[in-house]
Amino acid sequence: MAAAAAAGSAVFPAQRLQVSSRRSAACFSRQQSFPSISIRSAPTKKRFLHLACSAKQDTIDKVCGIVKKQLAVAEGTVVSGETKFADLGADSLDTVEIVMGLEEAFSITVDESSAQEIRTVEDAASLIDKLVTDKDS
């Protein structure tokens, strides 16, 4: 089993990565693990893999509910971790309102630079998990 450090950003902090096969891996942060990881080839001339660590499913589900409510999404519209706010018709003001709703629901504070990096439900959920973990530490 190989281990590697994955580079991070404000939304996705650096993680310790354990690769157990060509298609399966586990990603760990200080006090949290993200067992759901997708591995796929990146569309480049060089040989790279794109790795994505998932947030906790319950966080994703709660964020989906908040996004649906904030944007008054039509019943039956599927909102998942991969859903982009823009695809649901959200503009920058809607995104600010979503972030405010998330801050209230999770009792966190999202700084402006991190808020600007949120494009999908997964981005928001991953940031929330990080902020909640940091707050609890």
Side-chain angles (χ1 to χ4, degrees):
M1 191 175 331
S9 69
V11 175
F12 300 104
Q15 307 287 331
R16 182 172 56 88
L17 180 68
Q18 290 184 331
V19 179
S20 56
S21 73
R22 291 187 68 126
R23 293 271 181 226
S24 106
C27 189
F28 303 91
S29 67
R30 201 174 319 135
Q31 298 174 347
Q32 189 172 14
S33 69
F34 298 86
S36 302
I37 295 182
S38 63
I39 302 176
R40 60 184 168 86
S41 296
T44 64
K45 291 181 182 179
K46 297 180 181 178
R47 189 154 171 92
F48 291 102
L49 293 177
H50 172 77
L51 301 173
C53 296
S54 296
K56 294 179 188 174
Q57 189 61 49
D58 59 327
T59 305
I60 292 171
D61 294 342
K62 191 169 181 179
V63 171
C64 286
I66 292 167
V67 168
K68 284 180 174 183
K69 182 179 177 185
Q70 287 291 139
L71 297 177
V73 174
E75 194 169 322
T77 301
V78 176
V79 177
S80 67
E82 296 80 29
T83 303
K84 295 179 183 177
F85 296 157
D87 292 346
L88 296 172
D91 59 20
S92 58
L93 181 58
D94 291 322
T95 302
V96 169
E97 291 177 357
I98 290 168
V99 170
M100 290 172 58
L102 296 172
E103 287 177 323
E104 184 177 326
F106 289 93
S107 302
I108 56 170
T109 302
V110 178
D111 64 67
E112 188 176 339
S113 62
S114 294
Q116 291 176 351
E117 292 186 36
I118 298 172
R119 303 279 182 263
T120 67
V121 169
E122 179 75 31
D123 291 345
S126 293
L127 177 60
I128 289 165
D129 282 347
K130 178 194 177 304
L131 292 173
V132 168
T133 299
D134 290 351
K135 186 176 91 172
D136 292 343
S137 297

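Excluded from the calculations below are hydrogen atoms, water molecules and symmetry mates; all remaining heavy atoms, backbone and side chain alike, are included. Everything numeric here is computed off the predicted structure, so don't read it as measured data.
Under the side-chain hydrogen bond (donor to acceptor under 3.5 Å, both in side chains) criterion, the residue pairs touching residues 57-69 are Gln57-Asp61, Thr59-Asp129, with sequence neighbours excluded. Residues in residues 86-109 take part in no side-chain hydrogen bond (donor to acceptor under 3.5 Å, both in side chains) pair, two or more places apart or across chains.
In plain terms, the two heavy atoms of Ile66 and Ala105 that are nearest each other are CD1-CB, 3.5 Å. The two residues Phe85 and Thr120 come nearest to each other via the heavy atoms CZ-O, 3.9 Å. The nearest pair of heavy atoms linking Ser126 to Ala55 is N-CB, 3.6 Å.
With values rounded to the nearest 0.5 angstrom, Ile118 atom CD1 is found 7.0 Å from Asp123 atom CG. Rounding to the nearest 0.5 Å gives a distance of 4.0 Å between CD1 of Ile60 and CD of Glu122.
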Between Leu102 and Val110, is a side-chain contact (heavy atoms from CB on, under 4.5 Å) present by the stated rule, with each step listed? CA-CA 9 Å; Leu102 296 172; Val110 178; 5.9 Å; no
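For Thr83, the side-chain contact (heavy atoms from CB on, under 4.5 Å) partners at least two apart in sequence or on another chain are Val79, Ser80, Leu88, Val121.
Val96 belongs to a hydrophobic cluster with Met100, counting contacts under 4.5 Å between side-chain heavy atoms of Ile, Leu, Val, Met, Phe, Trp and Tyr, direct or through other members. Grouped with Leu93 in a hydrophobic cluster is no other residue, since no side-chain heavy-atom contact under 4.5 Å to another Ile, Leu, Val, Met, Phe, Trp or Tyr is found.
Side-chain atoms of Asp111 and Ser114 form a donor-acceptor pair, as typed in the model, at a separation below 3.5 Å.
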